Amino acid sequence: DDKGFTLASADDSNRLRLRGLMQADSRWYGDGGAKGRDSFVLRRARVMLEGQFSNIFRFQFVPEYGGSSFTLMDANVAIDFAPSAQLKIGKFKAPFGLARLQSDAWAALTEPSFIAQIAPSRDIGVQLGGSFFGGALDYQVGVFNGVGDGRSNQDNTDSDDDKDVYARIFAHPFKSLKDSPLAGLGIGIAGSHGRQNTRQGLTAGYRTSGQQTLFTYASDNGAGNYDTSLPTHTGEIWRISPQAYYYYGPFGLLAEYVTSTTHVRPNAGQDAMRITNKAWQVTSGWVLTGENASYDGVTPARPFSVERGTWGAFELVARYDHIDVDNDVFPILANPAESATEAASWGVGLNWYLTRAVRFSVDYNQTDPKDSGLAAPTGTVLKKGEKVILTRAQITF
Amino acid sequence: DDKGFTLASADDSNRLRLRGLMQADSRWYGDGGAKGRDSFVLRRARVMLEGQFSNIFRFQFVPEYGGSSFTLMDANVAIDFAPSAQLKIGKFKAPFGLARLQSDAWAALTEPSFIAQIAPSRDIGVQLGGSFFGGALDYQVGVFNGVGDGRSNQDNTDSDDDKDVYARIFAHPFKSLKDSPLAGLGIGIAGSHGRQNTRQGLTAGYRTSGQQTLFTYASDNGAGNYDTSLPTHTGEIWRISPQAYYYYGPFGLLAEYVTSTTHVRPNAGQDAMRITNKAWQVTSGWVLTGENASYDGVTPARPFSVERGTWGAFELVARYDHIDVDNDVFPILANPAESATEAASWGVGLNWYLTRAVRFSVDYNQTDPKDSGLAAPTGTVLKKGEKVILTRAQITF
Amino acid sequence: DDKGFTLASADDSNRLRLRGLMQADSRWYGDGGAKGRDSFVLRRARVMLEGQFSNIFRFQFVPEYGGSSFTLMDANVAIDFAPSAQLKIGKFKAPFGLARLQSDAWAALTEPSFIAQIAPSRDIGVQLGGSFFGGALDYQVGVFNGVGDGRSNQDNTDSDDDKDVYARIFAHPFKSLKDSPLAGLGIGIAGSHGRQNTRQGLTAGYRTSGQQTLFTYASDNGAGNYDTSLPTHTGEIWRISPQAYYYYGPFGLLAEYVTSTTHVRPNAGQDAMRITNKAWQVTSGWVLTGENASYDGVTPARPFSVERGTWGAFELVARYDHIDVDNDVFPILANPAESATEAASWGVGLNWYLTRAVRFSVDYNQTDPKDSGLAAPTGTVLKKGEKVILTRAQITF
């Protein structure tokens with residue numbers, strides 16, 4: 001199944017699980033939009049070790065070998081004092097974005113929405129979390145090094161002294177009503193607050209579905225040219241994200257909104273400006289072959305088999321997402337000829353689950369950026385937007 | 001044995017195999033040739049995960065921890081529709097060179113021949129392959145990002161929009177005649193064709209057995225000095241390689257030839273020149289202790305044991321190989337004082353298989369380069385050639 | 001337990017063991033000393049593969065994913081000809097420092113003493129070792145690439161032609177007297193000798209417990225400024241380290257001394273100076289809950305359990321260590337305003353073993369440096385020393 005391969009001690013109190021995730025993608029850019037590089041891409045290649053000791057101690061260990069460099073995604077120790085009190089220490093996904101917290105194997109579309117450009121990814125710290133009322137209410141609170149929009153903790157250490165606080169609650173109010181059409185409703189809110197005092201506190205750039213840069217901070221280098229290495233983050237940073245999903249039979253819906261307020265200094269010696277960027281997304285899916293949709297993937301009723309002539313499950317997915325960069329960034333904190341002030345994006349895709357472990361998918365994604373009007377656009381992504389077909393062959397276990 | 005350690009589900013339809021390859025080498029350069037750095041070297045250190053799901057889905061996952069940096073060697077998903085139709089997606093060895101496609105554990109000599117300087121290594125793409133006539137005919141065709149001579153795909157993405165097509169057939173015409181002396185004959189041909197439009201399309205340099213640079217592209221920086229960062233690849237690239245092996249009892253022979261035609265531009269604004277480089281090699285071995293030689297290693301009849309007083313298997317190997325760089329490269333595309341236009345190399349070695357999993361070996365390799373005659377050689381490798389002793393302690397499972 | 005998870009062949013002659021070590025730390029600097037960056041740090045994240053074939057072949061494979069970059073810690077093959085003759089080839093801890101040779105999971109305090117700044121860490125080479133008299137006498141001799149003070153072998157190859165020889169003996173003279181209070185006494189001496197001819201032969205800098213730089217080689221760049229990139233190592237390097245430990249019931253004591261003589265050249269064209277640096281440390285511990293202290297960790301009699309109301313084991317530890325840099329380095333080889341000529345450090349800590357696999361610890365460490373008197377100190381570490389609290393959550397199996 002997709003739970004990996006397990007080594008256990010005789011009394012089953014110690015267990016080690018070996019898991020993996022591999023995503024071999026391809027990207028094909030339409031001429032109607034900005035041309036990225038048509039490529040076969042090894043997007044993710046992860047081996048995961050998960051363990052449990054004496055029933056109450058757990059650990060997780062996830063190196064990533066795909067992409068442009070090796071990184072350590074997750075490495076953490078947890079103690080389950082009680083279902084309502086689980087302590088987790090180390091590196092893991094910050095308790096914030098709903099789509100971010102979903103397993104990378106089960107995202108509806110190939111590349112994440114604009115939300116992922118703002119919601120933090122992995123961070124290092126300490127978290128207390130758990131469930132109440134039989135799983136009807138989940139919470140997490142934690143202290144972390146803190147990261148910029150869409151970033152993961154770099155170099156496995158902090159870039160400044162200040163720490164960030166995260167909190168998130170997520171409820172399944174009708175979970176106990178098993179036959180109710182509302183049983184699959186989940187709704188919550190997450191927030192973070194801290195200070196960032198280095199360039200690590202800034203986004204590395206907001207990107208399109210085709211991974212082209214749509215917006216990046218830059219400021220005048222004194223000679224009238226924009227330099228992306230000059231702006232830095234100095235001061236408070238906070239984010240809020242209301243979020244919900246709803247699953248009912250083959251139908252699924254996931255929606256979230258995020259707003260991030262940061263303090264960006266254009267240049268050494270200048271004052272930081274308070275900047276608020278926002279994004280939202282709605283993703284929906286329909287499993288054509290009738291299996292249940294879920295936050296944790298689709299299990300085909302009849303897995304693909306040449307002998308039996310069965311095909312597995314098919315799912316249609318669609319997403320609309322939108323990002324809105326603070327108008328105040330232009331022209332002091334970003335180049336109006338190259339960075340968008342706003343962008344809408346939509347995508348449709350077909351996911352083919354041959355088995356739960358093997359999924360093929362193909363998406364079409366289109367991004368339509370809007371410029372600030374302060375300068376004639378010269379950047380091709382800003383001028384032409386993007387039209388891209390993404391394919392993925394995925395194995396997960 | 002050398003097939004690793006296996007975790008299986010109860011019905012054996014899902015299996016995960018853990019394998020490894022470690023090669024701890026040393027290099028000692030004779031004063032008669034160019035002096036490389038005498039070193040203990042950690043040449044390869046790989047963990048391999050291979051899995052199978054529902055009997056028809058397979059994956060392979062091979063990170064490399066040895067050498068100068070971590071790289072991901074293989075990461076791919078395969079579907080076995082039928083023995084004659086196996087689809088493979090992701091990163092793996094491009095279907096081209098016969099010695100390249102041999103497991104890195106079973107190469108006869110420590111370092112590969114000049115063929116490996118031209119034949120592509122790992123690439124990312126999609127391949128269809130399989131066997132006909134009970135394994136008497138194998139084929140592979142595929143579309144890949146495309147790589148320069150002797151290279152692997154860098155950064156897990158493409159460096160340009162164009163793709164390369166590969167095709168290879170390999171026959172064992174007498175495979176069904178099990179007792180025939182010809183049963184162990186394999187013969188085939190491989191080709192590739194595509195376009196490369198960046199420096200990634202060029203070789204990173206042709207090297208000796210002792211891993212010293214024998215040839216590298218370089219062009220005039222305008223001040224009369226050669227600069228290796230100036231030449232780039234612009235245009236078509238194609239390669240052809242006839243190849244064969246023959247195994248009969250303790251005797252083994254492997255021969256291949258490769259020609260690569262590329263288009264190299266000396267400098268921005270100049271025209272690309274069409275360049276054809278060639279190499280060939282013959283490798284032969286004799287298992288002194290009588291076990292069968294094979295493309296997949298030697299299994300000692302009496303593994304090494306202090307108690308039983310047994311020693312394992314010993315194999316004598318020898319290789320002659322030759323590379324011929326297009327004469328047109330001098331003096332516009334390469335420095336005639338430092339790069340060879342031709343080189344012959346020979347090596348002899350002794351391989352000691354303590355068990356199938358543990359092999360010690362020692363080689364002597366000599367490289368004799370030839371200069372273009374356009375300038376007095378100043379590079380020590382070009383002037384003096386190379387004499388090097390290589391040792392290896394290998395464990396594979 | 002802490003021996004990992006094992007896959008074995010039916011006859012148990014082939015075994016693969018999967019192990020792991022993860023350390024999630026935090027660092028908090030007191031204002032009374034130099035301020036490092038308060039951080040959550042992923043200090044170590046290792047997966048270990050250890051295997052055994054045909055009972056006499058072993059291998060070890062340890063990639064490190066924590067810290068600032070991925071590195072390969074250990075990768076070696078061993079043949080056990082006899083208990084007194086074990087050959088080891090590849091990368092592993094050089095047979096030198098007593099605390100260095102202790103498992104990274106069982107160090108008494110979070111960060112190592114000044115000894116670790118001088119004693120070599122991992123190196124690549126060949127070692128013969130073993131035990132006599134039923135383990136009462138251990139020895140190791142080996143030839144390695146050679147590394148600078150406190151360094152590991154970089155890039156998995158050597159930086160010069162010369163090799164280093166290591167030798168170490170360690171005795172447990174009263175081991176056979178099981179009930180004697182002296183049974184847990186171990187005493188030994190280690191030495192190394194070789195030549196280093198590159199900057200790799202120099203320390204990368206002696207550091208405090210809080211990982212701030214206390215001393216680094218630097219020389220005049222001609223304009224009167226110190227440049228750390230100018231000094232290099234040219235010539236002989238040797239080290240000697242007498243070492244001992246003593247364990248008796250809950251009490252433990254570990255003491256070692258090291259002296260390192262190197263030849264440092266301030267600048268190209270100048271003569272190398274002979275420099276001798278020294279360090280020593282004494283570490284002691286007391287297991288408050290009465291379990292036995294040992295070189296290989298503490299096993300709690302009553303592991304932590306919410307249900308049973310048990311807490312595990314607690315251990316108090318303390319350390320005093322001292323480093324003495326050769327006075328001759330000032331002012332030609334180091335900046336007297338920034339580098340210390342001497343430093344004392346002490347630390348106290350509490351280790352909480354919830355189970356053998358899970359340990360939490362908290363330390364207080366203070367470093368008091370002494371300047372050379374040749375210039376007014378400007379470096380904050382030299383001026384103010386360091387006061388740091390280190391915490392660690394560790395899982396090992």
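Numbers restart at 1 for each chain; the letters A, B, ... are given by sequence-line order, proteins then strands. A quick note: this is a predicted structure, and the numbers were derived from the prediction, not measured.
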**Student:** So which residue, Gly36(C), Ala45(C), Ser305(C), ends up with the most heavy-atom pairs under 4.5 Å with chain A?
**Tutor:**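 Top option by heavy-atom pairs under 4.5 Å: Ala45(C).
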**Student:** Nearest 0.5 Å, please: how far is CZ in Arg43(C) from OG1 in Thr157(A)?
**Tutor:** 10.5 Å
**Student:** Count the heavy-atom pairs under 4.5 Å between each of Lys91(A), Lys163(A), Arg15(A) and chain C, then report the option with the highest count.
**Tutor:**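 Highest number of pairs under 4.5 Å: Lys163(A).
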**Student:** Do other residues, nucleotides or ligands put more than 12 heavy atoms under 6.0 Å from Leu7(C) CG?
**Tutor:** yes
**Student:** What I'd like to find out is whether the side chain of Tyr29(C) reaches to under 4.5 Å of the side chain of Asp161(A), using heavy atoms alone.
**Tutor:** no
**Student:** Once rounded to the nearest 0.5 Å, what's the spacing between atom CZ of Phe40(C) and atom CG of Asp123(A)?
**Tutor:**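 Going from CZ on Phe40(C) over to CG on Asp123(A), the span is 9.0 Å.
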**Student:** Ring-plane angle category for Phe70(C) and Phe70(A), please: parallel below 30°, perpendicular beyond 60°, tilted otherwise.
**Tutor:** perpendicular
**Student:** For the atom pair OH (Tyr65(C)) and CG (Asp74(A)), what is the distance rounded to the nearest 0.5 Å?
**Tutor:**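 Output value for this atom pair is 13.5 Å.
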**Student:** Are there more than 12 heavy atoms of other residues, nucleotides or ligands under 6.0 Å from atom CG of Asn55(C)?
**Tutor:** yes
**Student:** Taking Ile56(A), Val143(A), Asp162(A) one by one, which has the highest count of heavy-atom pairs under 4.5 Å against chain C?
**Tutor:** Val143(A)
**Student:** If you measure from CG on Asn145(A) to CZ on Arg37(C), what distance do you get to the nearest 0.5 Å?
**Tutor:** 9.0 Å
**Student:** Specify whether Phe304(C) and Phe57(A) have parallel, tilted or perpendicular ring planes, treating 30° as the upper limit for parallel and 60° as the lower limit for perpendicular.
**Tutor:**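 Rings of Phe304(C) and Phe57(A): tilted, as their planes differ by 30° to 60°.
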**Student:** Under a 4.5 Å heavy-atom cutoff, which of Asn153(A), Thr71(A), Val126(A) has the most pairs with chain C?
**Tutor:** Thr71(A)
**Student:** Answer yes or no: are there more than 12 heavy-atom neighbours, outside Trp311(C) itself, under 6.0 Å from its atom CH2?
**Tutor:** no
**Student:** Could you pull out the closest heavy-atom pair between Ala24(C) and Gly90(A), with the gap in Å?
**Tutor:** CB-CA, 3.8 Å
**Student:** Please round to the nearest 0.5 Å and tell me the distance separating atom CG of Leu49(A) and atom CE of Met22(C).
**Tutor:** 9.5 Å
**Student:** Report yes or no: does Asn156(A) contribute a side-chain atom to a donor-acceptor pair with the main-chain N or O of Gly67(C) at less than 3.5 Å?
**Tutor:** yes
**Student:** Among the options Pro63(A), Ser69(A), Ser54(A), pick out the one with the most heavy-atom pairs lying under 4.5 Å from chain C.
**Tutor:**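 Most heavy-atom pairs under 4.5 Å with chain C: Pro63(A).
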**Student:** If we define contacts as heavy-atom pairs under 4.5 Å, which of Asp25(C), Ile395(C), Val306(C) has the most with chain A?
**Tutor:**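 Heavy-atom pair counts peak at Ile395(C).
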**Student:** Among Asp155(A), Ile89(A), Leu16(A), Asp160(A), which residue forms the greatest number of heavy-atom pairs with chain C at distances under 4.5 Å?
**Tutor:**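 The answer is Leu16(A).
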**Student:** Find the distance between CG (Asp158(A)) and OG (Ser26(C)) and round it off to the nearest 0.5 Å.
**Tutor:**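 If we round to the nearest 0.5 Å, Asp158(A):CG and Ser26(C):OG are 11.5 Å apart.
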**Student:** Of the backbone (N, CA, C, O) and the side chain (C-beta and beyond), which part of Arg392(C) lies under 4.5 Å from a heavy atom of chain A, both, or neither?
**Tutor:**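 Arg392(C) has no heavy atom closer than 4.5 Å to chain A.
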**Student:** Does the side-chain contact (heavy atoms from CB on, under 4.5 Å) test come out yes or no for Val47(C) and Val47(A), once each step is laid out?
**Tutor:** CA-CA 11 Å; Val47(C) 169; Val47(A) 168; over 6 Å; no
